[in-house]
Structure formats: structure tokens, C-alpha cells
Asks: 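So that we are looking at the same thing, I have put the structure below in C-alpha cells.
In what follows, chains are A, B, ... by sequence order, proteins preceding strands, each numbered from 1. Please read all numbers here as calculations on a predicted model, not as lab measurements. Note: hydrogens, waters and symmetry copies are ignored here, and every other heavy atom, side chains too, is used.
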Amino acid sequence: MADEKKAKKKPKINPKRISMPKQTPEERVRNFEEVALGFTPELAIQEAERCLQCKKPKCVEGCPVEIDIPGFIAKIVEKDFNGSIAVLKEKQALAAVCGRVCPQEEQCEILCILGKKMEPVAVGRLERFAADYEASQGKVEIPHIAKKTGKRVAVVGTGPAGVTVAADLAVLGHDIVMYEALHDVGGVLMYGIPEFRLPKDIVRREVDYVKKLGVEIIFDYVVGKTRTINALLEDFDAIFVGAGAGLPWFLEIPGENLNGVYSANEYLTRVNLMKGFRFPEFDTPIKRPRRVAVVGGGNVAMDSARTALRLGADESHIVYRRSREELPARLEEVENAEEEGVIFDFLTLPIRCIGNDHGWLVGMECLKMELGAPDDSGRRRPVPIEGSNFVMECEAMVASIGNSPNPLIPQTTTGLEIGRKGNIVADEETGLTSLDKVWAGGDVVTGAATVINAMGAGRKAARSMHEYLTGENNK
Amino acid sequence: MVPNIHELVVEAPDVAAAIKPGQFVILRPSETGERVPLSTSDFDREAGTITCFFQVVGESTAKLALLEPGDTIPTFAGPLGLESEIENFGTVVLVGGCFGIGSIYPIARALKEAGNEAHVILEARSKYLHYWVDRHEAIADSVTLITRDGTLGTKGHVSRIPDILNKLKIKPDRVIANGCTFQMKRVSDITKPLGILTIVSMNPIMIDGTGMCGVCRLTVDGETKFACVDGPDFNGHLIDWEEFLQRRKTYYEEEIEPLRRSGTGTTVHVCRNC
Ligand SMILES: Cc1cc2nc3c(=O)[nH]c(=O)nc-3n(C[C@H](O)[C@H](O)[C@H](O)COP(=O)(O)OP(=O)(O)OC[C@H]3O[C@@H](n4cnc5c(N)ncnc54)[C@H](O)[C@@H]3O)c2cc1C
Ligand SMILES: Cc1cc2nc3c(=O)[nH]c(=O)nc-3n(C[C@H](O)[C@H](O)[C@H](O)COP(=O)(O)OP(=O)(O)OC[C@H]3O[C@@H](n4cnc5c(N)ncnc54)[C@H](O)[C@@H]3O)c2cc1C
Ligand code: SF4
Ligand code: SF4
Ligand code: FES
């Protein structure tokens, strides 16, 4: 009620959020640069002024890491941009990343009180603005680091879950070593989400912040292979496993091993991590087929389809077995894809990949679907229409239908309880696994989810690990 | 080492401490380089070193060949893949060609230590392409050399294996082959009618080597497997070789481009078997 009164006192509130400048579709499909350009300070202040500064802010309840949203927005209104980032950093080590890729419309923004009558405050865009502003000033504040505890913690994986744990525990005075299987930091942020949505310099910048906290990062170290978790326990007081969900699913239809059929991980990794888009400057090649069919409907599928256009495909299709309503991707990304000319083939299910004499993909046999009764997930189940088979011609198919947790650590760790889907079983509140001194969180526990959920899990685990490390029995 | 096959010794104590015969490593020769998987031919846990042999076939291996002793490389990850099965099988024949002459060595050694009778057959195009023969002789029950041109040992190629088995008067319980794809396929083709279990070390295109991208998939006994985590060793009689050979050619056109551009193309000679 109190909030609504305030709203009446300030009738000037702009019902629409301030729109963020973007590259035009025509321009952006031809480059790998970021699509959304970000707020200027003036636009940020205008948007920040829309926030009612609720006493009991609903928005915060939607944020898995409980950012003081009105707090950081108030600082933007006061033009104290550095103060704003300081508020964010109390809870958030990757503000520039989350401001860009969080599904805000389902988390903080959906609960914003303004959303009842008009568009909610653009929390994510403001978060991004504050983080980018700080970076543009070239100096990044390092928080006070507590006195050294002498405890050593290993963190496996440099994705958002691992980075959060490392940052939180480093600030509390523990010595942290991060192990990364690949040759670069960031996990999916680096090898999965494309440059045009999340520039890699930003990921590197945010992880650099963790290094500045004194965290050591060891690359090309495959835990489970180079050393097992059980062996690492000899050298560390506690271990956090944030190894992600990297094992790609295929459709398991005939012909899927033809040349020209990719997992989204391969497709995106070639482009992102290995810089295939700068081939031949970088050595890893990437095919540039004329017609690309991306199978799936999530963020990963949108990223793959939009990447295909940027690599020069004439036609890039999203092939999805349900309809537009059921697309699991963020709406903003669906709209971006539509604007850029991605063709959506809804209610379509590939059943076979067709190859030529040389083992190259030339098309997919598909079935048309119709929506039947709702299934367990509450979404209407797609049912094939008999006899509706047709052939879709394409030179590349990208399977983007999901990933399972990375199997290496589950396979090689003794005493670790593993769930049905190959995930590590961990306590939801603390992240503690069945193995003493070992915590886990992020996609390796939940299966493929979101950046902010991985961070939330990291935050909880860090709290529990800190309690354990400084607890009575552990002095 | 010999023309076009280079020996690489890398100091990587963590990897050296953990590696087992049959496993491989992934390295990048430079910051812009591809990730190159290589089998291991030897390791010294005390010195913390790993030895690999590689053949120059493209841009990244050409860069690798230009390294000087003492240089450092940005990526050296491992050990990757599953180790070879080492047990007392009885009599084992190990066939190595190309870089496989090196990588079959630690497997032979481990099998010998496990109590097997280990017979080694090494194949190369010509006498001057053989290496490490003395090492093999030091551990194996017999070493037979094959050259295509007959300049050393038996003339011909792996199709001579049945003759060699006759001459040695052995009936192997298992054959293990390492080397280029064609050689391993041929060995599998030869041993299939003889009913001898044959294990080959598959070398598809790879990126991460940790099960993340799926590019290394192959069909074994009708099932899709990822060579980097389920292999690299597989039963050669169950592999869909035709599909495998097709998949290996995926980037053929693209790979020619940097070779021309970099001028390293002149020194390249792609293995005539492959
Ligand atoms: C293409 C794509 C687009 C996405 N878009 C969005 C989006 O818009 N919004 C959103 O919120 N989420 C998105 N996601 C999901 C999000 O990126 C993930 O949920 C999140 O990154 C999970 O974080 P994590 O820390 O658990 O794991 P990851 O980010 O997967 O990191 C795991 C890290 O561990 C390393 N590792 C694995 N095994 C080992 C080992 N044995 N030893 C050492 N290191 C190891 C990996 O190399 C990796 O670096 C997207 C995902 C993809 C693939
Ligand atoms: C598990 C495993 C172990 C291996 N062990 C060894 C080893 O011990 N010694 C060694 O010399 N090589 C080994 N290989 C092959 C080696 O990885 C490739 O030769 C190398 O990656 C080629 O890199 P490049 O950039 O020089 O050539 P590219 O420019 O990538 O390729 C040049 C040409 O070689 C072909 N090619 C591409 N990938 C491969 C491949 N994986 N194998 C063969 N030809 C390929 C391409 O069709 C292309 O035309 C192994 C591969 C695997 C997967
Ligand atoms: S981290 Fe995500 S959910 Fe939390 S405030 Fe920022 S955008 Fe919203
Ligand atoms: S963002 Fe919305 S819910 Fe949150 S404080 Fe501002 S007006 Fe209130
Ligand atoms: S190399 Fe990527 S999954 Fe095997």
C-alpha cells in the first residue's frame, strides 16, 4: 500500500522502460560485436528514477543472490556510479555478466511492483550499466580481504559457480587454487555464450577481479584425470566442484554421425573458445554452410542459430517440436533472432539425417507435430502427425537439445553420491556432498540451468565451507 | 627423429605422475593454435617428463616442429582418455606404425611386466623411417620390422602379419595396433577372419578431449561413443570404419588454406597411408 501511495505522489513515472540502444539487425548479423550497446549515464539515470525504492522490495526476492536492488539503483539516481557497483559487489562478483544474460524477466523484474501496471524497472540493464561504468573508469575497487586463515581450498571449474565460491572465500581470508580443464577461464561464459551476447573481454575482466583477490588459477588441469578429487583432498582443507554440465545430448536418430552434424557445444566452442570466426588467423577451422538447421528451442539454440547467420549462412533455421509459446529461451533472445532473420520451424521433429555419397549431411527427414494434452512439465505434449514426413534440405545440423553434467569427476571420485542423471548429489542449502570436505554446485548438480543459479549455489556453498573451515573442530 | 616424425619431450610433472599407457595428452603449440591430441610414447615420473612422437600434417603440428629445446607451450593437458587394458592375456602381438611405433612401446612394456609374451611388429615405408627399434628389442619377446620397399626386414605392409605369425609360431590372444587410421583398419580387417581380438587406438578430430563437444564420436557396435572419454582404445572389429574415415575429413578443405598461406606447406608430406 505504502508503495502505491508513493507512486501516486510521483505521477510522472514513465510507464515504459527506457530502451537500450542496439545495433540494427542488418548491421549486426554481419559482425560478432555485442548486439546491445548499453545505457549512457543519462539513460541509466532516467531508468533508475523509475524505481519506487520500495521499503519491502519484491524484486530482491526474485534474485537468487539477493542483490540490494533498490540500494544500487538509488546510487545511480544520485549519480554515484562507483557507490552503485560497491552495493552490487556485496552480493555479486559477475555484475557485468548477469546484467547481460540473467533471465531477469522471470526473476527480479517479474516481481517488480511497477510490473503490475506498467513495464517493470530494467534491473538487469542498470546492473550492466554500473559494472561497465566501473570498468570504463579503468580502476576496479578491491574489497578488504580478511586476515589469512591458513586454510587451503581447491575450486574445480572456473564457471560462474566456481568463480563465486573463489571470490567469496578469498575475501574471507582463505587461500584458493582454481583448477580449469580448458585453457581459458569462465566455463560456458567463455566457450558457450557467443561474443555478440557476452563479449569475452568482459568475462575475462570479471575473472581478473577474482585473481586480484589473490586466487591462483591453474589451467589445462583435468581434475579426475591429472589428479582425482580424493588425491586433492590430501593437500586441501576443502574442495568445491563446479564442473558444469558439458556433456552434449544428441537426438539419437539415424545419420547423426554424418559430417555436418554438430553438437551446439562443438559449434559454439569452435567459434568462441577457439576463435574459429577469426580463422585462419586462429587455426581452428569452422565450416560455413549455406543452410543451417538448429534443433532445439532454448538459449543455446538461439545462440547457435544467430552464430550461423554471422558465419555467413544464407538460411538459419530453428527446428522446434513445440510452438512459439513453449520456447524455453529468453524472450529477448527470441526477438533478437527473429529480427535478424532466423527462420522458425515450429512443430517439427527431425527423425533422420540424410547424407550424400561422401558422408556429408544434405538434409533431414522431419515430421510435423500437433500439440496434444499437457505433459508432466505442464506444457502441451507434441504428437507426430502420421504421414506428414518431409525433407528439409540443409548442409549443417546443430543439436541443441541439452547437456548432462560432466562425467569425469563422478566417474573418478570414490565415495561421491551420483544422481540418476549423472549429477553430483549435494545438499540444496549447503552444497555439501556425500563426501567429507567436498562441496558442489551449479550445473554439475542441477543439470543445465542458469548463470545466476550457479552463482547462488556457489554463494551458499561458500557460506557453508567458511563455517566449516572456521568452525570449532577446525581451528 | 626420422624425416617428418618428430620427438617431443615435455616437462609436465603433474601429467607425468598420473599418466598410464594408452592415454593421451592435448597441447597447443601457440596461443592461436589448435588443440592437438597426441599419444604418449614414454613418461618419466621422476624427471616429470612425457615423450610424444608426432607427424607433421598441418598447421599446428608444423608449428610444433619449429619449437626449440627449452621453449614453453601454453597448453599441455592430460592424461586424457582411458588407459589401455593391461592384464596377463597370454600372448599379445603389438603392431606400431608411424607415431604408433612410439606409442605402442609403453603398452608393450606394461604387458610384458604383467606376464604376457609380447611380440612387436613395427611397420614403416622405408628403413630410414624406423626408430626406437632398440628400445622395443630390450623389452619384447620378438621384434619384426616391415618396410614397404623391403630396405629392412620383411617387405610389404601389415597384410604380411599372418605370415609373420606363422614364422614366429604363435597364436596371439590379442592384437593391439597403434598408428594411422588406415594401418589400424587394415590390421583389424586381417585379424577379423582369424578371430583374434584386436584393440586399436582411435584418433578422430578432437577439441576439448573431456567429453564436452562430441566431435570425436564414432560408432562402435552400433553405439555412439566419444573417443576422448570412452576410448581411445576400442575393439577394431566393431568399429564403423567407413564413417570414421569420413568424419576425419571434415575440415580437409579448410586445413589446406593455412598451409598455403603460412608457406609451411612445402615441408608437409601427409602420410601416404592416410
Ligand atoms: C550457449 C549457452 C547459452 C546460455 N545462455 C544463458 C543465458 O542467457 N542466461 C543464463 O542465465 N544462462 C545461460 N546458459 C547457462 C549457463 O551458462 C550455465 O548454467 C552456467 O554457466 C553454469 O555455471 P557452472 O559454473 O555450473 O558451470 P560451467 O559454466 O559449465 O563451468 C564449468 C567449468 O568447469 C570446467 N571443468 C569441467 N570439468 C572439469 C574437470 N574435470 N577439471 C577441471 N575443470 C573442469 C569446465 O571446463 C568449465 O570451465 C547458457 C548456456 C549455454 C551453453
Ligand atoms: C587420441 C589421439 C592420439 C593421437 N596421437 C598422435 C600421435 O601420437 N602422433 C601424431 O603425430 N598424431 C597423433 N594424433 C593425430 C594428431 O592429433 C593430428 O595429426 C593433429 O591434430 C593434426 O593437427 P594439425 O593442425 O597439424 O593438422 P590439421 O591442420 O588439423 O590437419 C591436417 C590434415 O590432417 C587431417 N587430420 C585432422 N585431424 C587429424 C587427426 N586427428 N589424425 C590424423 N589426421 C588428421 C586433416 O584431414 C587435415 O587434412 C592423435 C590423435 C588423437 C585423437
Ligand atoms: S543478478 Fe540477475 S536476478 Fe539478480 S538482480 Fe541481477 S539481473 Fe536480477
Ligand atoms: S525495482 Fe521494482 S520492486 Fe524493486 S524496489 Fe524498484 S520499484 Fe520496487
Ligand atoms: S574431443 Fe570433445 S568430446 Fe571428445
Asks: I need the residue from B:G78, B:G209, B:P74 with the largest number of non-hydrogen atom pairs under 4.5 Å to chain A.
Replies: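 Answer, by heavy-atom pair count under 4.5 Å with chain A: B:G78.
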
Asks: Counting heavy-atom pairs closer than 4.5 Å to chain A, which one of B:G214, B:A18, B:P79 comes out on top?
Replies: B:P79

Asks: Does the B:W241 side chain pair with the main chain of B:G236, one donor and one acceptor, at a distance under 3.5 Å?
Replies: yes

Asks: Under 4.5 Å from any heavy atom of chain A, what part of B:L27 do you find: side chain, backbone, both or neither?
Replies: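 For B:L27, neither part sits under 4.5 Å from chain A.
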
Asks: Please determine which of B:R186, B:K192, B:K185 meets the side-chain hydrogen bond (donor to acceptor under 3.5 Å, both in side chains) test together with B:D189.
Replies: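 Output: one option passes, namely B:K185.
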
Asks: Given that the side chain runs from C-beta out, which part of A:N257 has a heavy atom under 4.5 Å from chain B: side chain, backbone, both or neither?
Replies: both

Asks: Of all the heavy-atom pairs spanning A:P194 and A:T307, show the shortest one and how long it is.
Replies: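 Closest approach of A:P194 to A:T307: CG-OG1, 3.8 Å.
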
Asks: Verify, without hydrogens or angle tests, whether B:T40 (side chain) and B:Q23 (backbone) share a donor-acceptor contact under 3.5 angstrom.
Replies: yes

Asks: Which region of B:E242, side chain (C-beta onward) or backbone (N, CA, C, O), has a non-hydrogen atom less than 4.5 Å from a non-hydrogen atom of chain A, or is it both or neither?
Replies: neither

Asks: Relative to chain B, which of A:N406, A:L408, A:T228 shows the most heavy atom pairs under 4.5 Å?
Replies: A:L408

Asks: Is B:R217 close enough and on-axis enough to B:F226, meaning under 6.0 Å and within 45°, for cation-pi?
Replies: no

Asks: Measure the shortest side-chain to side-chain distance between A:V398 and A:V295 over non-hydrogen atoms and say whether it is less than 4.5 angstrom.
Replies: no

Asks: Counting only non-hydrogen atoms closer than 4.5 Å, does A:E252 touch chain B with its backbone (N, CA, C, O), its side chain (CB onward), both, or neither?
Replies: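 No part of A:E252 comes within 4.5 Å of chain B.
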
Asks: Quick check on the interface: out of B:D208, B:T224, B:D240, who has the most heavy-atom pairs with chain A under 4.5 Å?
Replies: B:T224

Asks: With a 4.5 angstrom heavy-atom cut-off, is it the side chain or the backbone of A:F219 that approaches chain B, or both, or neither?
Replies: neither

Asks: Can you measure from SG (B:C213) to CD1 (B:I207) and round to the nearest 0.5 angstrom?
Replies: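 It is 4.5 Å, given to the nearest 0.5 Å.
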
Asks: Given a strict heavy-atom distance threshold of 4.5 Å, which part of B:F244 is in contact with chain A: side chain, backbone, both, or neither?
Replies: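 The answer is neither part of B:F244.
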
Asks: Would you kindly check if the NZ (Lys) or CZ (Arg) of A:R306 is within the cone defined by 45 degrees around the ring axis of A:F32 and under 6.0 Å from the six-membered ring centre?
Replies: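 So A:R306 doesn't make the cation-pi contact.
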
Asks: For A:L247, which atoms come within 4.5 Å of any heavy atom of chain B: side chain, backbone, both, or neither?
Replies: both

